[in-house]
Amino acid sequence: MSTDTQDRETTDGFHLVIDALKLNDIDTIFALPGIPITDFLRMSQAEGLKVISFRHEQHAGNAAAAAGFITGKPGICFTVSAPGFLNGLTALANATTNCFPMILISGSSEREIVDLQQGDYEEMDQLAVAKPLCKAAFRVLHAEDIGVGIARAIRSAVSGRPGGVYLDLPAKLFAQTMDKEAGRKSLIKVVDAAPRQIPAPEAVQRAVDLLKSARKPLVILGKGAAYAQADAEIKAFVEKSGIPYLPMSMAKGLLPDNHSQSASAARSYVLAEADVVMLVGARLNWLLSHGKGKTWGAGSGKEAGKQQFIQVDISPTEADSNVAIAAPVIGDIGSCISAFNQAMGSGWSKPPSDWTGAIAERKDKNLTKMAETLAKNPPVMNFHSALNVVRNTVKDNPKAYLVNEGANALDFTRSIVDMYEPRRRLDVGTWGIMGIGMGYAVAAAVVTGKPVVAVCGDSAFGFSGMEVETICRYNLPVCVVVFNNNGIYKGTDTNPRGTEVAPTVFVKNAKYELLMQAFGGHGVRADNPEQLKKALDEAIASGKPTLINAIIDETAGTESGRITSLNPAMAKKK
Ligand code: ADP
Ligand code: TZD
Ligand code: MG
């Protein structure tokens with residue numbers, strides 16, 4: 001039989017996976033080759049899928065997760081078995097923690113050998129390992145089930161609370177053949193993968209009544225609100241209600257940070273004082289001090305600790321996870337906020353002016369103070385003088401993506417750099433994890449084609465730094481700005497015994513810019529704001545892979561950045 005005839009009559013596991021992905025409008029795969037994935041990736045490329053190949057699976061996985069957050073479609077990552085799978089697993093778990101939809105698809109060894117532990121090449125019971133760390137995990141053993149496997153993975157990733165899904169594909173599956181027409185019919189085009197979830201009218205009414213009764217209402221927008229792509233509804237709600245709002249880190253830009261109702265510059269005041277707090281796609285986890293304690297006003301005034309919460313979320317079990325939720329509203333944010341907009345009616349009265357006025361007063365004071373600090377130009381650049389430049393660059397390029405990781409390099413960027421467009425800020429997320437930098441940057445550039453600025457602490461950058469080769473290989477418009485303060489938090493720590501260097505200190509004056517030059521990108525050092533501005537402007541104008549080694553005063557940071565209070569040594573001192 002000639003190959004031609006065979007091609008016409010049969011298909012195989014490789015092509016069924018490719019066809020199932022394409023049928024579901026998936027056009028990009030983030031991956032790292034090896035048996036049996038190498039051939040799969042070659043065939044995917046031949047069939048028109050965009051394949052972005054990384055240097056380490058964790059970054060391919062992070063890229064898939066970021067793509068999921070930006071697009072609302074599950075990001076796809078392919079890894080090889082055992083070690084490749086494990087390298088990707090951190091990204092899968094992180095995506096699940098962040099509620100980002102992604103699918104980690106891994107090749108695996110043969111069941112017969114794995115289950116008897118007979119020592120196959122890269123043997124591991126991957127499905128069992130993945131299960132507790134993701135939202136759902138599936139394995140496909142027969143070619144005719146590939147369609148179902150991919151469909152289940154897609155639905156699981158994007159419906160309800162989004163998250164990471166693991167799909168286990170044993171090597172033998174790829175080579176299985178079946179009749180081409182039967183294969184085609186076995187594939188499933190998923191209809192309405194993330195169905196709208198309409199909130200109960202009485203739940204909305206309960207929440208609206210509570211909002212109406214508030215004297216000091218506050219809205220908190222989280223990354224779930226950004227993910228929901230309900231930008232217009234949210235804007236309408238915030239502006240119609242007149243309620244001050246706080247964006248969580250990745251919700252910055254959902255409304256422009258310079259919006260008159262943003263209470264970011266009076267954050268501690270509003271958290272301590274608000275009487276009714278409406279959470280929209282934000283969990284009351286450690287990032288919001290679990291909704292209790294000093295942050296929330298315990299001990300200050302007679303309403304101490306008496307805030308009432310409204311929680312708008314797609315997960316019905318999120319409410320009451322930390323404190324009582326007086327008015328849970330369960331549904332997708334688009335449907336919920338539209339329902340609020342209707343239920344508020346035409347006679348809505350805006351919050352009392354003593355509340356909004358008090359916030360405005362504090363905001364003005366803090367913004368003036370911030371402007372003074374930003375205007376300073378110390379002889380050695382510090383976080384403020386460097387970030388003032390980044391702040392202006394983002395203002396001039398509001399559609400650019402800002403990736404951000406580090407400790408001080410993260411906290412200062414979050415508070416100093418205003419965002420103007422939704423879903424443009426990608427950062428360390430719920431875990432505060434280092435190493436997302438280059439994976440997220442690659443994803444943002446590949447998926448959107450927009451310029452990306454990645455502000456990374458020198459430690460943070462090190463976790464994914466080798467992916468600058470990936471950035472150069474695909475010639476992506478990514479400008480990495482390494483905030484180089486010679487180490488973790490600071491470069492000044494010493495070892496009291498005077499033997500090896502302290503654990504937080506790196507090689508001083510490291511030339512990170514050479515890393516980018518090694519692969520043909522543009523690498524440059526910036527010692528002052530003028531040099532930093534010039535390099536950033538050039539990077540954005542040229543769209544060329546760039547790394548700016550921004551030299552930051554090694555004494556400028558603080559231990560753990562803003563989360564010093566979580567440090568057990570600090571807690572002991574209290
Ligand atoms: P942040 O870190 O910004 O505070 P979190 O990650 O803690 O945000 O919270 C995100 C929340 O958003 C999760 O509880 C998740 O269930 C919810 N969520 C995600 N997507 C949607 C959606 N489309 N509709 C409603 N809620 C959503
Ligand atoms: N490992 C992982 C995966 N995530 C982490 N968050 C940490 C370790 C601990 N960690 C932080 O929380 S921040 C940080 C580490 C190692 C690096 C801070 O140093 P940096 O930033 O150079 O990136 P600054 O600007 O010097 O503070
Ligand atoms: Mg550092």
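All residue numbers in this chain count up from 1 along the given sequence. Both ligands and their constituent atoms are indexed starting at 1 by order of listing.
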May I ask you to test the [X]-[Y] pair for a side-chain heavy-atom distance under 4.5 Å?
X: Phe412; Y: Asn382; answer: no
X: Thr546; Y: Val480; answer: no
X: Trp296; Y: Ser289; answer: yes

Within the structure, is a non-hydrogen atom of [X] found at a distance of less than 4.0 Å from ligand 2?
X: Trp431; value: no
X: Gly435; value: no
X: Phe483; value: no
X: Cys456; value: no

Mind checking whether [X] has an N or O less than 3.5 Å away from an N or O of ligand 1?
X: Tyr227; answer: no
X: Pro162; answer: no
X: Asp313; answer: yes
X: Lys223; answer: yes
X: Ile333; answer: yes
X: Arg161; answer: yes

Numbered atoms of ligand 1 (with element) below 4.0 Å of [X], judged on heavy atoms:
X: Met248; value: 3 (O), 4 (O)
X: Asn285; value: 7 (O)
X: Gly331; value: 24 (N), 25 (C)
X: Thr430; value: 6 (O)
X: Gly222; value: 3 (O)

Quick one: look up the protein heavy atom nearest [atom] and list residue, atom name and how far away it is.
atom: atom 27 (C) of ligand 1; answer: Ile314 CG2, 3.7 Å
atom: atom 23 (N) of ligand 1; answer: Ala228 CB, 3.7 Å
atom: atom 5 (P) of ligand 1; answer: Arg283 NE, 3.4 Å
atom: atom 16 (C) of ligand 2; answer: Ser459 OG, 3.9 Å
atom: atom 22 (O) of ligand 2; answer: Asp458 OD1, 2.6 Å
atom: atom 10 (C) of ligand 1; answer: Gly281 O, 3.1 Å
atom: atom 6 (N) of ligand 2; answer: Gly432 O, 2.8 Å
atom: atom 21 (O) of ligand 2; answer: Ala407 N, 3.2 Å

Exercise. Among the N/O/S atoms of Asp458, select the one at the shortest distance from the Mg ion (ligand 3) and name it.
Key: OD1

Practice problem: Have a look at Lys490, Glu559, Met434 and point out the one with the heavy atom closest to atom 7 (C) of ligand 2. | Solution: Met434

Self-check item: Ser159, Gly72, Gly163, Gly224: member with heavy atom nearest to atom 18 (N) of ligand 1
Solution: Gly224

Between [Y] and [X], is there a side-chain donor-acceptor contact under 3.5 Å, judged purely by atom types and distance?
X: Ser315; Y: Asp313; result: no
X: Asn388; Y: Ser385; result: no
X: Ser464; Y: Glu467; result: no
X: Asp493; Y: Thr504; result: yes
X: Ser338; Y: Asn341; result: no

Under-4.0 Å salt bridge between [X] and [Y]:
X: Asp411; Y: Arg414; result: yes
X: Asp231; Y: Arg423; result: yes
X: Arg196; Y: Asp332; result: no
X: Lys490; Y: Glu554; result: no
X: Glu469; Y: Arg55; result: yes
X: Glu239; Y: Lys235; result: yes

Quiz item: Hey, is Ile220 touching ligand 1 through its side chain, its backbone, both or neither, going by heavy atoms under 4.0 Å?
Solution: neither

Practice problem: For Gly487, counting its heavy atoms only, list the atoms of ligand 2 lying under 4.0 Å from any of them. | Solution: 22 (O), 26 (O)

Practice problem: Using a strict cut-off of 4.0 Å, indicate which atoms of ligand 2 neighbour a heavy atom of Phe383. | Solution: 25 (O)

Self-check item: Single hit among Asn98, Asn94, Thr96 for side chain to side chain donor-acceptor pair (under 3.5 Å) with Thr430
Solution: Asn98

Quiz item: Hey, mind stepping through Arg391 and Asp418 against salt bridge (Lys or Arg N to Asp or Glu O under 4.0 Å) and telling me if it holds?
Solution: CA-CA 6 Å; Arg391 173 183 160 97; Asp418 286 340; 3.6 Å; yes

Quiz item: Which part of Phe463 is near ligand 2, with near meaning a heavy atom under 4.0 Å away: side chain, backbone, both or neither?
Solution: side chain

Exercise. Specify side chain, backbone, both or neither for Asn485, according to which of its non-hydrogen atoms lie closer than 4.0 Å to ligand 2.
Key: side chain

Quiz item: Is there a side chain to side chain contact (heavy atoms under 4.5 Å, CB included) between Ile436 and His59 once you walk through the steps?
Solution: CA-CA 7 Å; Ile436 49 85; His59 314 309; over 6 Å; no

Quiz item: Does ligand 1 have any atom sitting under 4.0 Å from a heavy atom of Ser249?
Solution: no

Quiz item: Is the shortest N/O to N/O distance between Ala460 and ligand 2 below 3.5 Å?
Solution: yes

Quiz item: So is Ile488 polar-close to ligand 2, meaning N/O to N/O under 3.5 Å?
Solution: no

Quiz item: With a cut-off of 2.8 Å, does any N, O or S atom of Asn485 fall short of it relative to the Mg ion (ligand 3)?
Solution: yes

Quiz item: For the Mg ion (ligand 3), does an N/O/S atom of Gly487 lie at less than 2.8 Å?
Solution: yes

Practice problem: Might you work through the salt bridge (Lys or Arg N to Asp or Glu O under 4.0 Å) test for Glu421 and Lys399, ending with a clear yes or no? | Solution: CA-CA 6 Å; Glu421 297 273 341; Lys399 298 224 180 286; 3.2 Å; yes

Quiz item: Measuring from Asn62:CG to Tyr440:OH, what's the distance to the nearest 0.5 Å?
Solution: 5.5 Å

Exercise. Carefully, step by step, assess Val453 and Val481 under the rule side chain to side chain contact (heavy atoms under 4.5 Å, CB included).
Key: CA-CA 7 Å; Val453 176; Val481 189; 4.1 Å; yes

Quiz item: Got a protein heavy atom sitting under 4.0 Å from atom 9 (C) of ligand 2?
Solution: no

